[in-house]
Every structure is written in C-alpha cells, then in structure tokens.
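Everything on this sheet refers to the single structure shown next.
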Amino acid sequence: MATAKTAPTAPRQHGLRNEGLSNEDLVGLYRTMYTSRRTDDEEIRLKKLNLIFFQISGAGHEAVLAAAGKAMKPGYDYFYPYYRDRALCLQLGMTVTEMLKSSVGAADDPNSGGRQMPSHWGHKKLNIVSQSSPTGTQFLQAVGAAEALVKYRDLEGDYPELKGKVKGDEVVYCSTGDGTTSQGEFWEALNSATNLKLPVVFLVEDNGYAISVPVDVQTAGGSISALLRGFPNLLLITDIDGNDPVASYAALAQATAYARARKGPALVHSKVTRPYSHSMSDDESKYRPESERKADAEKDCLKSFSAFLLSEGILTQAKLEALHDEVHTMIRAASEEAQQSPQPPTHTATAYVFSPNIDPTSERFLVEAKPEPGAQGETILQSINYALRDEMKRNPRIIMFGEDIADASHEEVLENLKGKGGVFGVTWGLQKAFGGKRVYNSPLAEANIVGRAIGLATLGFRPVVEIQFFDYIWPAMMQIRNELGYMRYRSNNNFSCPVIIRTAYGGYLGGGAPYHSQCGESIFAHCPGIRVVLPSCASDAAGLMRTALRSEDPVLFLEHKHLYRQPYAKEPYPGPEYTVPFGKARIVRPGTDVTVVTYGALVQRSLLAANELADEGIDAEILDLRTMQPLDFESIARSVKKTGRVVIAHEDTLFCGFGAEVAAKIANECFTDLDAPVMRVGALDTPIAYAPKLEDVILPQKDTMLKAIRELAAY
C-alpha cells in the first residue's frame, strides 16, 4: 500500500498473503459482516412490527468497519463512531443482544440505558465514547481525546500522579459519512489534529449520498481525499475499496500503526455502498435511479467477500450456510432476550442530568473564608486569577486554553515580556507559572475550543476554557447544548465531561455595541446538564470558581466585564480552600418591604437604589442569586413571604429573560404571600447600541430600580 498522500486505490495483497490475515481471521471478519447485516434486518423486522421505534442501518459499510475493529484494540484505543458503525462495534466486542437492547430501549442497554435511539453507540468497557445524533460533533471531541493521550505523557514527568494514566501509544478512531465532511467542525478538527500531530485515524465511509444529496453536490470535486491532498501534516491519506475487507484491513492497520508511532493523524477514504435507504424514514427509490441501485448491489461486500472465501477454499458452501444458520439462530435468540428486557423505571428519568457523586449545592462547599493577615481588597478579575492559580497547584489535571489566554504562544519569547493572559488579563501569569502544556492558546474557533475540551474532559482532564466574549459563544452552541450538557445523561453515567467555560459578558462599559455587550444567560439556564454561575463580588468569584473546579458538572462561568475591576466589588482574597455552594443566594441587604431578586451588574445598582429609598422609609431586601442553575428558590420564597412584594431585575432583555421563569415560580408557589403583582425589570428588547446615551436607555440603571421599587412599595 502506498504511503504518500498521492496514494492510489489500495490493491488487495502486498507481499503477505491476505495481508497476513489467517483463514480464521478472514472467516471471523465475514462473520462480523454477516452478523451486522442480519442484525439490521432483525431491527427492520421489529420496526415493522412496532416493537422498536427507530432503525438506521450500517448495511454496505460492514467490510471496512469489521476491518477497522480488527486493526485496533478494544478497551485500549478510543472510538468515536457514527451511526453506521454497527460492524465496528461488533468486531470490538459489543454483542448483538446489547445492540438489540438498545433498539427496544432496555434499562441495561450499555449504549445509553434506553436514553438514545438505536445505533447511537457507546460502551464504557470497550472505550466506545457515547455518540449523539448531530452529525460531525464527534470530530473535535476525538481530537480532544487524542490531545489528552499526548498530554498525559507530556505532563507525567512533572506530575508523578499522572504517571501510568496512558500507555503512550493509544490511538483515537473517528469515523464519518461523506456528507458530514461538509461540516465546519470537520475542518476545524483536521486543522488541530494536523497542527498538533495528534494520533487520530479518520475514517470516511463514503457511500455516495448524504441522505438524498449525492457526494458531487456535497463536496468540491466529489472526493474528500482529493480535496485534502496538500493539507499540512496530513501525510497519510489512503483511498480504498471499502467493500474489500482485506484491502480495508491493510489500509487501516497502516493508518493505525502510523498514528500509534506518533507520526500524526491519518485519513482513510473508503468507498462503500448503501443497499438500504438512509433510514426507515427514507425511501431512496424517490431519488436514486434503479440502474444505480443495481450497480451498487453488484458490489455488495457480503456478496463479493463470500464469493472470495469460497473461491479460495477458505469456506465450503456447506460451512458458509452453517455459519449463516448459526448467526440467524443467535440473532433471533438475542432478539427474544432483548424483547423481554425491562425498560428503565420511570423514577430514573431525571437520573444523571448532573453528577450523582458530588453535589455542588451541598454543605461540603460551605467553607469559611480565611484571608491572609493584612490581605488587601482584590478585584473580581484578580480573585479569579488567584483561584485558578491555587487550583492548578492542587490538581495537575486542570488545563486552560482559549483565545489569547496564554501569556504568549511561543514560550521562548516570554523571558523579556510581560505576557498577555487574555484580553482582560484574567489568566495573566498562569502560563509562566505552569507552562505551555497546561496553559495555551487555541485557534480562533469557539466550537474547536469547546469540542476539544469535551474530549479532554472525557479522558480525565479538567479543562477551563475561555470564550473571549459571550457574544461569540454561538459557534460553540451545538457542542454546548447537545454534547457538553448531555454526555453524562445520554451515556447513562458511563461518560462525563466536566468542562468549565469562562466568558466575559454584559454591558455598562460604553462602546460595547451589539457584539460586545450581550447577555443571554437564560438560554443556557434552559440547557439541561449545565450549571450557570454569575458572581458579582470578588469573594464569590473565587469561591464559586473553586466549587466549579471541585465538582463534576459542566459549568458556564459568566464574568461580567463591567465588574472585573470595580472598586466596590473588591474583597480580600478568601484563601485557597474557600468555596461557595451553588444554588445559595446571598443577602446583600436585608429588608422588610420589597424583595429585589437580581444578579451580576444590577446587584450594585439595586443596592444603591435601596439605600436611597431607605431615606423614604422603603426597606428593600436585595438577593444576589449567584447561580441561575441551580436556582435558590427557597431563599426567594422566604424573602417574598417576609416582604409580600418582589422585583426581579436582570440586564438581559425583558422578553423571555430569566426573570420570567422566576416570576412564574413565584406566582405558582408563593401566590398567597404576595401583596402586589410580581414586577420584572430588564433591558429593552433590542440589541445594545454603541452610542453611550442609547446604551444607558437600553440597559436598566439605578433610576430604573428606584422607580420599580418605589412603585411596587406603593401598590
């Protein structure tokens, strides 16, 4: 097989007969292929009987996938498959019974415990990392996993506790269909994998169609491998006939050896067929001509490989038929067992949204501050920096990356430079303290940052990543909403990814305009599986960050730009063990007449308004929520019971803002305690304007709070 990036289609044999595969190996590959196809057929039968609820097949892909499983090591290498990879999972050791338990939604389905559709693969013991439905999200996670494998080895010399976490030659497998190579995250993943020379084997299973869209419409030139030739550091690109398991094995064994030797990533472009429609919800006869379908049928891997085994005398017709009978009997027995398997108990519906082991709302995180004697007041910015510094000393698995967060990308220049540490300087000095293997810059690509972080976290690291401005978090939304928040739940607690995403948000700085002043925190509070944290003073910033780092859940840590250096938010650094529980609001000012529920930059504006109103005889209680997910509704209810009146204030736009949820809960659970309607204060339902006078009108100010509290007190 050629090793250059100009490699032609790989022939079947090179020196070694059948690429060194024994007759037993060849029969084993065929058994896997045949089992995969017939398992698809059994699912189709069950779907037609309404005994399962979805079916998507791996038919036509079996040869290259059985070969991939043969070339790699289950439970040793890591696997990021896609929904056609049934034969891979069978070859790695997943059983038909396990697969069909997934089909019926059984409680003991190892893929997801009945939480995901069939063919959404995941198996903890085999290192098959939980797969989701959005196509292409696996690319960056696979790159992050490969990064973790390299990073453990890079760091173990300085941190003995990391020694032995990896063997040093593990490989990450990542597969895709031809259509998904159109996703931007595919290109972001290739960029990082090649730039960092990571041990990833990319397998493109090209069956010619992305549902109904042919590859020539999807891909410039109609060939992803041709498009990639010349990609720096992608030095092994191989085109193969994926219907030939022997040629496929040769190519994948070579690619795996290449990555195992840490020469960089490799890509295998495999031409396969799709004998069935995209899924049972699709009818390919509507868009594929009969002649094309018949031509594909002639190339079917089961037909051609069984003929090869017979022609070579490796199997006789009688033994082939006996193998078929054995497989049929086994599949039908597995199907009967799966159909008898109980579904998950209804009380488990809410299990594993968050970690079952560490509860960040618990009293274990109620740790008193112990500032050093004579400690001066520190800003929120500096307190976050100190908390990160102390936790990085404590836990070598904490790593940091993002846009501009390093002191300098090239460490050799740092000796005579001050260093940057982010556009606001929050991470200044941390690269100098802990080195470029733990604090480093990323590409300017938000999905890349979060996707890689998920892969790193899945393999045991604790990434703290920065999105430079909240306004630019949206390219990462697919990774955040569908991957970061769902990993633990969808895998039934077999995999988790406790990533902390830091980002600067909010306005009140002047000149921020629509794209440097956004809020939008309610959108993320609406995403199951993600904690949302918003400190408004220096001690909370340190304590909440430390709680985030010592818990096991994904956290969106929102740092208000306006508050970073505000003198009124300064407090002495509370020490290296100080933690603040999530879901515990802070009473900023006690009062008896009106409750103000708020957070972020409006805490100070509300406090100033309350102090001014005290001269008018209006005693307002100010609650700083600190976290939105979890919400401390007990403190809200307690305060409302005392005052009978409540204003909910936030900087985000009013319509569908977080205040709407709090108001609804108060109306539902505290109605009899209310002496007045619940009032909400928020920004105008517009973007933030550039001109300072317009921004002042759009955002709530102290006078806005004065008016609201005064009106409610007089109701």
Side-chain angles (χ1 to χ4, degrees), residues 32 35-59 65 69 74-75 78-134 137-138 141 175 279-281 327 330-356 458 482-483 485-497 528-529:
T32 297
T35 301
S36 181
R37 182 73 61 89
R38 298 291 83 89
T39 304
D40 275 332
D41 292 342
E42 177 63 13
E43 280 190 340
I44 291 169
R45 185 183 76 86
L46 295 173
K47 177 67 172 69
K48 289 178 178 177
L49 294 171
N50 289 323
L51 294 173
I52 68 172
F53 322 108
F54 178 79
Q55 206 284 325
I56 190 165
S57 82
L65 290 169
Y78 287 84
F79 300 89
Y80 285 80
Y82 93 117
Y83 50 81
R84 304 249 187 245
D85 283 18
R86 184 187 301 281
L88 169 83
C89 296
L90 286 168
Q91 186 68 38
L92 292 174
M94 192 182 295
T95 68
V96 173
T97 302
E98 290 174 329
M99 291 182 172
L100 292 178
K101 284 185 176 183
S102 175
S103 305
V104 301
D108 57 350
D109 151 39
N111 295 275
S112 73
R115 295 176 172 211
Q116 292 213 88
M117 290 175 167
S119 299
H120 287 52
W121 312 113
H123 201 291
K124 181 70 170 177
K125 183 179 178 181
L126 300 174
N127 285 353
I128 303 172
V129 180
S130 174
Q131 171 212 328
S132 67
S133 290
T137 53
Q138 73 272 27
Q141 294 172 37
S175 63
S279 71
M280 285 193 72
S281 303
V327 170
M330 179 269 293
I331 290 175
R332 187 53 62 92
S335 179
E336 292 297 325
E337 180 180 345
Q339 291 175 63
Q340 298 303 314
S341 299
Q343 292 200 350
T346 55
H347 74 266
T348 65
T350 58
Y352 309 134
V353 176
F354 296 108
S355 169
T458 303
N482 287 325
E483 303 296 319
Y486 280 12
M487 179 70 79
R488 186 188 294 278
Y489 186 84
R490 76 174 190 229
S491 70
N492 205 29
N493 202 38
N494 282 315
F495 295 95
S496 64
C497 46

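Just so it is clear, the values below take in all heavy atoms, side chains as well, and ignore hydrogens, waters and symmetry mates.
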Quick one: does [X]'s side chain get under 4.5 Å of [Y]'s, heavy atoms only?
| X | Y | answer |
| --- | --- | --- |
| Q131 | Y83 | yes |
| R86 | S119 | yes |
| P110 | H123 | yes |
| P356 | R488 | yes |
| L92 | I128 | yes |
| P134 | E483 | yes |
| S130 | M487 | yes |
| Q116 | N111 | no |

Heavy-atom closest pair, residues [X] and [Y]:
| X | Y | value |
| --- | --- | --- |
| P118 | S103 | CG-CA, 3.6 Å |
| P344 | A106 | CD-C, 4.2 Å |
| D40 | G58 | OD2-N, 3.0 Å |
| A87 | S36 | N-OG, 3.5 Å |
| A338 | V104 | O-CG2, 3.3 Å |
| S279 | I56 | CB-CG1, 3.9 Å |

How many angstroms lie between atom [atom1] of [X] and atom [atom2] of [Y], to the nearest 0.5 angstrom?
| X | Y | atom1 | atom2 | result |
| --- | --- | --- | --- | --- |
| T32 | L65 | OG1 | CG | 10.5 Å |
| T348 | Q343 | OG1 | CD | 10.5 Å |
| W121 | M99 | CH2 | CE | 4.0 Å |
| K124 | N493 | NZ | CG | 9.0 Å |
| N127 | Y78 | CG | OH | 4.5 Å |

Presence of salt bridge, R38 and D41, under 4.0 angstrom: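 Yes.
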Set of salt bridge (Lys or Arg N to Asp or Glu O under 4.0 Å) partners for R84, sequence neighbours left out: none
Applying salt bridge (Lys or Arg N to Asp or Glu O under 4.0 Å) to D109 and not counting sequence neighbours gives none
For the pair N492 and S112, evaluate side-chain contact (heavy atoms from CB on, under 4.5 Å) and give the outcome as yes or no after the intermediate values. CA-CA 5 Å; N492 205 29; S112 73; 5.6 Å; no
Tell me, which pairs form a salt bridge (charged side-chain N to carboxylate O under 4.0 Å, His left out) where one or both residues lie in residues 333-351, sequence neighbours left out?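 Qualifying pairs, neighbours excluded: K101-E337.
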Side-chain donor-acceptor pairs under 3.5 Å in residues 45-54, sequence neighbours left out?
residue	atom	partner	partner atom	Å
R45	NE	E42	OE1	3.0
R45	NE	E42	OE2	3.4
R45	NH2	E42	OE2	2.7

Just to verify, what does Y489 make a side-chain contact (heavy atoms from CB on, under 4.5 Å) with, not counting sequence neighbours?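 Checked Y489 against side-chain contact (heavy atoms from CB on, under 4.5 Å); matches are R115, V353.
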Residue pair D85 / S175, side-chain donor-acceptor N/O under 3.5 Å: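 Yes - a donor-acceptor pair under 3.5 Å links their side chains.
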Partner of H120 by side chain to side chain donor-acceptor pair (under 3.5 Å), out of S133, S102, S132: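 Testing each of S133, S102, S132 against H120, the sole residue satisfying side chain to side chain donor-acceptor pair (under 3.5 Å) is S133.
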Verdict with reasoning, T137 to N482, per side-chain contact (heavy atoms from CB on, under 4.5 Å): CA-CA 9 Å; T137 53; N482 287 325; 5.7 Å; no
With sequence neighbours left out, what residues match Y80 under ring-ring contact (aromatic ring centres under 6.0 Å, His included)?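 Result, ring-ring contact (aromatic ring centres under 6.0 Å, His included) vs Y80: none returned.
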Verify, without hydrogens or angle tests, whether T95 (side chain) and E98 (backbone) share a donor-acceptor contact under 3.5 angstrom.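 Yes; judged by distance alone, with no hydrogens or angles, the pair exists.
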Applying side-chain hydrogen bond (donor to acceptor under 3.5 Å, both in side chains), run through Q339 and S335 and close with a yes or a no. CA-CA 6 Å; Q339 291 175 63; S335 179; 2.9 Å; yes
